[in-house]
Number of protein chains: 2
Amino acid sequence: MRRTDSVGERADPKLKPRYDRELPERIARSAATSQGASLRTEEVRAWLDERRQAHRFRVDRIPLARLDGWSFEAETGNLVHRSGRFFTVEGLRVTTDEGPYRQWHQPIINQPEVGILGILGKEFDGVLHFLMQAKMEPGNPNLLQLSPTVQATRSNYTKVHKGTDVKYIEYFTHSSRGRVVADVLQSEHGTWFLHKRNRNMIVETFEEVTLSDDFCWLTLGQIGELLRRDNVVNMDSRSVLACAPFPDDAARALHSDSELRSWFTTERSRRETFAEGVPLSRLPDWTGDRYGIHHKDGRFFSVVAVSVEAGSREVTRWSQPLFEPHGLGVVAFLTRRIDSVPHVLAHARVEGGFLDTVELGPTVQCVPENYAQLPPADRPLFLDLVLGADPARIRYEAVHAEEGGRLLKAESRYLLVDVDEDQVRLDPPSGYQWVTPGQLTSMVRHSHYINVQARTLLACLNAAEARG
Amino acid sequence: MRRTDSVGERADPKLKPRYDRELPERIARSAATSQGASLRTEEVRAWLDERRQAHRFRVDRIPLARLDGWSFEAETGNLVHRSGRFFTVEGLRVTTDEGPYRQWHQPIINQPEVGILGILGKEFDGVLHFLMQAKMEPGNPNLLQLSPTVQATRSNYTKVHKGTDVKYIEYFTHSSRGRVVADVLQSEHGTWFLHKRNRNMIVETFEEVTLSDDFCWLTLGQIGELLRRDNVVNMDSRSVLACAPFPDDAARALHSDSELRSWFTTERSRRETFAEGVPLSRLPDWTGDRYGIHHKDGRFFSVVAVSVEAGSREVTRWSQPLFEPHGLGVVAFLTRRIDSVPHVLAHARVEGGFLDTVELGPTVQCVPENYAQLPPADRPLFLDLVLGADPARIRYEAVHAEEGGRLLKAESRYLLVDVDEDQVRLDPPSGYQWVTPGQLTSMVRHSHYINVQARTLLACLNAAEARG
């Protein structure tokens with residue numbers, strides 16, 4: 001079984017190169033292209049407003065008891081849909097070995113179906129453009145944001161919703177319709193979802209594509225510019241864009257890739273975390289009222305219900321539970337150049353809903369109010385450094401919302417904050433490590449490595465990188 | 001945040017290369033070196049026999065009721081140790097969407113602790129050698145096999161066993177003692193273990209190492225030669241060796257790496273598999289007698305108990321449950337050259353105990369007797385092709401045992417069988433895909449991709465490759 005390395009030299013009908021060397025350059029070229037072939041960046045806001053006008057979008061809070069098709073299961077008190085699909089709200093007990101909260105109970109969303117978050121790509125004038133959708137989701141603070149071409153749960157595209165067809169889904173379910181640029185299962189918030197993951201896909205097509213009303217083609221440079229504005233690019237888009245194969249050509253880093261994986265393995269091995277399901281009706285510290293289920297201290301989040309009327313969704317009228325976090329989150333990478341190569345400080349985070357205990361997250365990821373009553377020693381590491389940062393050291397700042405299909409106005413300030421050796425050493429505290437954006441880009445090709453908040457920041461980093 | 005690519009050219013005190021370009025060559029050189037600096041390959045058998053003589057090794061079947069420190073929990077009937085550690089035997093119900101068995105119940109081993117399987121490497125005469133241990137395990141058919149330098153559950157090295165120290169463990173728990181060559185969490189048999197994984201490590205040291213009695217230094221070439229013999233190299237060694245960064249320099253393959261990951265994501269997304277714990281005492285189709293818990297048809301496996309007396313273990317006398325599979329397994333990769341590049345036919349396998357539903361396994365992995373009573377259409381795909389293979393097409397064949405610490409005489413015939421286009425097309429049935437050994441080698445760096453049987457075959461493939 002000797003490998004024939006010279007075969008790479010021959011013109012070979014059956015085999016193909018294992019790596020597409022041109023693709024990262026084409027991604028970088030799109031990211032460096034600040035105006036697209038159709039809509040100009042400065043026209044996007046007006047276009048989104050126009051789409052917002054074009055549809056009837058109305059979201060109202062309703063009492064839990066008025067949820068249509070949803071009910072509390074007799075034995076467990078879990079909140080379930082009569083179809084047995086979509087998702088359920090259950091209880092979870094988490095036990096962990098670090099931090100001020102070592103054991104807690106909480107409601108959690110159990111959504112075992114794997115959905116598709118897919119962005120279609122196509123070249124115009126030699127530059128890759130991506131088909132973005134103006135999509136309303138009930139939990140978005142401004143209802144309508146730029147979403148992936150396709151954002152569909154399995155129930156969506158297998159018609160459990162009894163809605164209309166999901167537009168452009170065929171590019172993501174039939175491999176013959178395009179060439180895969182990225183395709184990886186990624187986790188979502190382990191603090192609100194149990195083992196949830198979605199398929200993050202980018203597919204390039206060479207076909208003519210008919211443009212529907214709520215869609216527009218944008219370059220990565222345009223999307224990168226929009227990422228600098230509050231609440232324009234939705235979470236699913238940010239997550240998928242983070243999976244784009246940006247160039248990864250810095251040959252040196254503080255740690256080799258092999259050392260980095262070993263550090264990650266150490267973190268995953270040393271943490272003792274257990275999460276187990278418990279009935280929603282028997283969660284200590286949580287109580288329900290007419291409009292929601294709340295923590296006794298008013299912190300963390302509530303489970304609430306909304307009714308929705310929408311003209312651009314597959315179904316035009318429905319009601320559903322949402323998780324409503326309390327307080328604005330802070331999500332930040334500390335960044336520094338090490339011998340002129342940019343690095344970010346990654347945190348090996350335990351979240352109760354992760355399938356595999358630990359993923360790499362931002363340096364800081366929390367809602368400060370949840371820690372307000374704790375002694376200073378129990379405040380999240382580096383939070384005060386981020387909150388007190390000199391504005392001149394803030395390289396990036398914008399407010400983004402998380403998944404608007406399940407979370408109500410779950411907003412966080414996303415930041416990239418420059419620090420120096422005096423503030424954070426090359427040898428950071430246990431659980432933290434300096435990594436390059438290129439190393440994150442090479443890890444995000446695989447599942448279970450990079451959490452969803454870090455993916456948002458990675459998308460911003462890679463976009464900023466391309467602009468230079 | 002512009003990456004400074006030219007930094008790779010400069011001598012740079014803080015940064016290091018992200019990839020060690022020499023390491024794969026050094027691994028390949030060790031694999032091509034057929035005689036080592038200490039023991040000659042032909043002396044290994046005598047040395048193993050000598051070590052077998054040097055210790056008192058005795059394993060006896062005992063009634064389940066005579067297990068010391070183990071008992072059946074009142075409420076569930078689960079078999080647990082009084083320390084609450086080691087492992088428990090529980091019940092599992094698995095529901096899946098393909099194959100002749102769509103739902104079944106079975107006992108399963110729940111061992112949440114992450115153990116370390118570590119092989120220490122060191123250069124002698126310019127060639128990497130690996131420190132292998134002659135280690136007795138109660139389930140090995142011949143009791144003593146070549147094991148990793150360290151093979152320790154967390155209970156082992158944190159002294160829950162109250163035994164002696166684990167030799168050489170410091171190289172794997174203190175990063176200053178060597179350089180990491182491989183370090184990744186890998187799954188074990190999803191048919192017998194619930195979510196079990198171990199840390200597979202290779203560490204190279206530059207220190208003088210004192211050689212203890214039960215240890216010897218061997219090149220990868222020597223271990224590769226021993227892999228051709230029945231029951232010499234134990235499963236943990238095979239699993240760790242599969243994680244060695246062998247050269248991965250074939251530039252072309254039937255599918256690009258990106259396509260391959262996309263196919264894998266498709267397989268993982270499309271399979272609907274649910275596994276949930278049930279009490280061991282309430283498993284339909286399973287019944288207990290004095291000496292074990294058995295399936296009503298006598299198939300699959302039994303849960304049995306043994307007492308052990310051993311002189312070379314951390315503890316010299318103990319008793320424990322073991323799973324005893326019924327029948328000899330068949331584990332095979334079909335192989336073919338595609339335009340002169342070797343490929344193997346990987347199977348995206350669902351196993352009830354996998355943490356993430358699907359991993360790549362061999363083309364065939366089963367105990368034929370478990371399917372003997374089924375109609376031909378329900379027999380595992382490609383099994384008959386393997387069983388009926390022309391001996392001239394069998395490139396590799398040896399009998400190996402699985403994990404001897406939990407499984408009693410769990411032996412399988414491992415094979416590599418050459419096929420051609422008439423037998424298996426370039427476009428194989430759903431769930432199967434042609435991949436190169438190099439592609440498997442690049443995936444095995446990460447968790448959740450390659451199952452333990454495929455890792456054994458990958459170790460054999462890479463060893464064979466180096467011999468040419």
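So that the names make sense, note that chain A is the first sequence line, chain B the second, and so on, each numbered from 1.
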Heavy-atom proximity to chain A below 4.5 Å, by part of [X]:
| X | result |
| --- | --- |
| B:Asp20 | neither |
| B:Gln439 | both |
| B:Leu260 | neither |
| B:Ser442 | side chain |
| B:Arg261 | both |
| B:Arg179 | neither |

Q. Is any side-chain N of the basic residue among B:Arg154 and A:Glu272 closer than 4.0 Å to the acidic one's carboxylate O?
A. yes

(Q) Check this for me: does any side-chain nitrogen of one of B:Glu421 and B:Arg336 sit under 4.0 Å from a carboxylate oxygen of the other? (A) yes

Q. Out of A:Thr173, A:Val114, A:Leu23, A:Leu355, which one racks up the most heavy-atom pairs below 4.5 Å with chain B?
A. A:Leu355

Q | Euclidean distance, A:Lys16 NZ relative to B:His255 NE2, rounded to 0.5 Å | A | 7.0 Å

Q) What residue among A:Val181, A:Ile119, A:Val180 forms side chain to side chain contact (heavy atoms under 4.5 Å, CB included) with A:Glu204? A) A:Val181

Q. If you tally heavy-atom pairs under 4.5 Å against chain A, which of B:Asp356, B:Leu426, B:Ile116 wins?
A. B:Asp356

Q | Contacts of type ring-ring contact (aromatic ring centres under 6.0 Å, His included), residue A:His195, not counting sequence neighbours | A | none

**Q.** Sequence-distant partners of A:Tyr449, ring-ring contact (aromatic ring centres under 6.0 Å, His included), two or more places apart
**A.** A:Phe264, B:His446

